Every structure is written in C-alpha cells, then in structure tokens.
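All remarks here apply to the structure that follows.
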Amino acid sequence: MIIKPKIVEDYILTSLQVGSKGTTELLEELQAVRAGTTKQAFYQTLRKLKKEEVVVVYAKRVSLSHIWINTMAEYFNNVKRKYSFESEKPGEDFLMLSDGEKISYTFKDPHTTDIFWGHAFGILVEQTQKDTPVLIYNPHEWFIIAREESEKTLFTNIKNRGQKLLVLIGNKNKIDIETGKWFDGNALQYFATEDKLFDKNNYYVNIFDDFIIEAWIDQTTADEIDTYYKNNEFINEQSLKSLREIVSKKGKNKLTISRNKRKAEKLRSIFKKYFLVK
C-alpha cells in the first residue's frame, strides 16, 4: 500500500487497493481526503496512469491493471488477491458467468483493447487448473513485438505457475516463424501454420478451461497487419515503429468473455492437431 499518500496518483492507487471503482466515486473520495483537488487534475492523472498501463478504465470504472499488479507482486500481494479471486468485484464481473453466458466490450483501437485484454487474461489464468494448458490463437503474434514487456509478463506468469501455454498462429510469414524464438518449446509452446483455421483474419481467441476470450480487431487494422507481415522480413527500429502505429489506429474493436464448456472443447480440438493437449 501507499503508506502516506501525497499526490493525486498516490491517492488513486491507495483507493483502488480494495477493488475497482466508478470514476465519479473515485473523484469524490479523493476530494474528501485531499481538499482542493480539481476535476481536471484527477482526470489528467487518470489518463497518465492509463497510458502507463497501471490502471484499466472501462465503462466509467477504474481497476488496477492485473499486469501491473503481477509486476509489483511482492509489494502488492494483498492487492493481487483482491483482484484475482474476489469475483464479486464489478470490474471482474465476467468471473460470475454461468455456462452459456457472455459479456461483450468495445474499444477504440487494438492497443486499448489489448490493455483490457491482458488484464482479463491474467485474472482468468489464475482461475484455471495448473495442469490445464492455456490456449491462444492469433493470426499473428504481434503483441510480443509491439507490446513485448506486457506480453512477456503474462507468459512468464503462466510458466512460473507450472502451467503450459500453447500459442497457435494462423500465418507463416518470415516474422511469424521468427517470433517462435521467444518460446522455450516446453512450458511455452508456439506453432505457426498456413492452414486456414478460421474465416476471418481479425479474429483472436484464448481458452482457459471453459472460459473463452474472443476478440475481433478493426478489419482495416487487421488487413494492415497482414500487409505488414507480408512486406517485412525482420524487425528493426523503423518496422517496429510502423507496427506500433498500425495497432494504435482508431477503429471498431470488440472483445467478448464467455463461459461455454462445449465451445471451449470444440476450440481445444483444433489445437490437438498441432500440440499434445491434455
């Protein structure tokens, strides 16, 4: 915890230790304990924390980012338990889903989508049995290139749990193949194939036992990512900048979290063609 909050940022982080809160509620709490704090200062600080991926803001609710909590695991151990296991928290209401139910979210760009996505991903990993692999299908694994630190944090946490991660890629361009170097082939496994596994090139899916995250990024952005992978054979400073510009463009991006045992098993059967899946 922040022992003696002094600045607006400290007060926000201290308040969010007990769970996600509405922006209005958070502002009122802050003004009650820190007289003179302006609305402008509050939202400016909130934008800064969001950009740094310390917090996740969605539907006017603010949560501490699960990725950030894990990065600060020793210091924020109590916070991690709050955000990972207390399913009654409004910010993690997807944990309350019954079989066959789902929740949908929309975002303005793939980058913002991925911030919330990573937050939900980390929480759902900790709901799975350690002997059940986490499964990921991406048309391209651009996350580990454009957002290397956050993606590696998620993957390392899975490995440290003694769990397996299986990543299936729906293209086999040179960078798709090269990306496999980030995986150890044991706890973290990776396979790129030219097989047409899904109809759309903007579709991404993760499976955690019977929980499923599905994402559809903006179609124009997905097409530009495809073109990027076809036109680039390696990553350098300039090509990395281009990729980050592509995935930061505004557009229609949708993410759903569902709990569906039958659908999860059907998706898992696809992975069994490429990996040894329990």
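All values reported here derive from a predicted model rather than from experimental measurement. Along the sequence shown, residues carry numbers from 1. Basis for what follows: all heavy atoms, side chains included, without hydrogens, waters or symmetry-related copies.
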Trace of the side-chain contact (heavy atoms from CB on, under 4.5 Å) decision for V134 with N206: CA-CA 7 Å; V134 174; N206 313 146; 5.6 Å; no
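- We find that R268 and E265 are joined by a salt bridge, their nearest charged nitrogen and carboxylate oxygen being less than 4.0 Å apart.
- Counting heavy atoms from C-beta outward, L267 and L135 have side chains that stay 4.5 Å or more apart.
- Between the side chains of S15 and E29, at least one donor N or O lies within less than 3.5 Å of an accepting N or O.
- Y204 and Y137 have their aromatic ring centers separated by at least 6.0 angstrom.
- At least one side-chain heavy atom of I12 sits less than 4.5 Å from a side-chain heavy atom of V8.
- Inspection of the D176 and T179 side chains reveals no N or O donor paired with an N or O acceptor under 3.5 Å.
- Between the CG atom in D209 and the NZ atom in K261 there is a gap of 10.0 Å [rounded to 0.5 Å].
- With respect to Y190, the ring pair (Phe, Tyr, Trp, His ring centres under 6.0 Å) criterion is satisfied by exactly one of F183, F155, F275, Y274: F183.
- Taking the six-membered ring where tryptophan is involved, the planes of F143 and W117 are perpendicular, since the angle between them exceeds 60° and thus also 30°.
- Scanning both residues, Q163 and T132, for their nearest heavy atoms gives NE2-O, 2.7 Å.
- Here CD of E233 is found 8.5 Å from CD1 of I175. Values are rounded to the nearest 0.5 Å.
- Remark: side-chain polar atoms of R161 are paired, donor with acceptor, to backbone N or O of V125 under 3.5 angstrom.
- One hydrophobic cluster holds both V33 and L46 under the rule that ILVMFWY side chains link at heavy-atom gaps under 4.5 Å.
- In terms of modelled atom types and a separation under 3.5 Å, the side chain of E141 and the main chain of I144 share a donor-acceptor contact.
- The two residues S63 and L16 have their closest heavy-atom pair at C-CD1, 4.4 Å.
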Audit row: E194, N171, side-chain contact (heavy atoms from CB on, under 4.5 Å) steps and yes/no: CA-CA 5 Å; E194 292 178 322; N171 285 278; over 6 Å; no
Test side-chain contact (heavy atoms from CB on, under 4.5 Å) applied to V167 and F191, step by step: CA-CA 6 Å; V167 179; F191 191 88; over 6 Å; no
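- N157 and E126 share no donor-acceptor pair across their side chains, judged by distance under 3.5 Å alone.
- Criterion: ILVMFWY side-chain heavy atoms under 4.5 Å apart, direct or through other members. Under it, I235 and I169 are part of a common hydrophobic cluster.
- Clustering ILVMFWY residues whenever any of their side-chain heavy atoms sit less than 4.5 angstrom apart, transitively, puts I103 in the very cluster that holds F107.
- At a threshold of 4.5 Å between non-hydrogen side-chain atoms, the residues I136 and L168 do not count as touching.
- Judged by distance alone, the side chains of S150 and E53 do bring a donor and an acceptor atom under 3.5 Å apart.
- Smallest separation of non-hydrogen atoms from A187 and K159: CB-CG, 3.8 Å.
- A donor-acceptor pair under 3.5 Å is formed between the side chain of Y228 and the backbone N or O of S239.
- Side-chain contact between E101 and S258: absent, with no pair of heavy atoms (C-beta onward) separated by less than 4.5 Å.
- Across all their heavy atoms, L26 and K21 have their closest contact at CD1-CD, 4.2 Å.
- For the atom pair T128 OG1 and L124 CG, the distance stands at 8.5 Å (nearest 0.5 Å).
- A salt bridge does not link E237 to K241: none of the charged nitrogens lies less than 4.0 Å from a carboxylate oxygen.
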V56/S65 under side-chain contact (heavy atoms from CB on, under 4.5 Å): CA gap, chis, key distance, verdict: CA-CA 5 Å; V56 176; S65 166; 4.1 Å; yes
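- The distance from atom CG of L243 to atom CD of Q238, rounded to the nearest 0.5 Å, is 12.0 Å.
- Closest heavy-atom contact between R244 and I145: NH2-O, 4.1 Å.
- Between F121 atom CZ and I257 atom CD1 the span is 11.5 Å, to the nearest 0.5 Å.
- Formation of a donor-acceptor pair under 3.5 Å by the S248 side chain with backbone atoms of E245 is not found in this model.
- Residues Q219 and T221 are not in side-chain contact: their nearest non-hydrogen atoms beyond the backbone lie 4.5 Å or more apart.
- The closest side-chain heavy-atom distance from D226 to H140 is below 4.5 Å.
- For the residue pair N186 and K164, a side-chain donor N or O sits within less than 3.5 Å of a side-chain acceptor on the partner.
- Between E148 and K152, at least one side-chain nitrogen of the basic residue sits less than 4.0 Å from a carboxylate oxygen of the acidic one, meeting the salt-bridge criterion.
- Between F271 and I207, the closest side-chain pair of non-hydrogen atoms falls below 4.5 Å.
- Taking the six-membered ring where tryptophan is involved, the planes of F94 and F116 are perpendicular, since the angle between them exceeds 60° and thus also 30°.
- With hydrogens and angles ignored, the 3.5 Å screen pairs a side-chain donor or acceptor of R259 with a backbone N or O of L97.
- Residues D195 and T193 have side chains that bring a donor and an acceptor to within less than 3.5 angstrom of each other.
- Taking all atoms of both residues into account, the shortest heavy-atom contact from I212 to N260 is CD1-O, 3.9 Å.
- With a 6.0 Å radius and a threshold of 12 heavy atoms from other residues, nucleotides or ligands, Q44 has its CD atom at or below the threshold.
- The aromatic rings of Y203 and W216 are tilted relative to each other, their planes meeting at an angle between 30° and 60°.
- Salt bridge K263/E214: present, at least one basic N to carboxylate O contact under 4.0 Å.
- In this structure, a donor-acceptor pair under 3.5 Å is absent between the side chains of N253 and D218.
- Counting heavy atoms from C-beta outward, N201 and I225 have side chains that stay 4.5 Å or more apart.
- The CH2 atom of W142 lies 7.5 Å from the CZ atom of R147; values are rounded to the nearest 0.5 Å.
- Cluster annotation: Y43 is connected to L49 through the hydrophobic network of ILVMFWY side chains, with a link wherever side-chain heavy atoms come within less than 4.5 Å.
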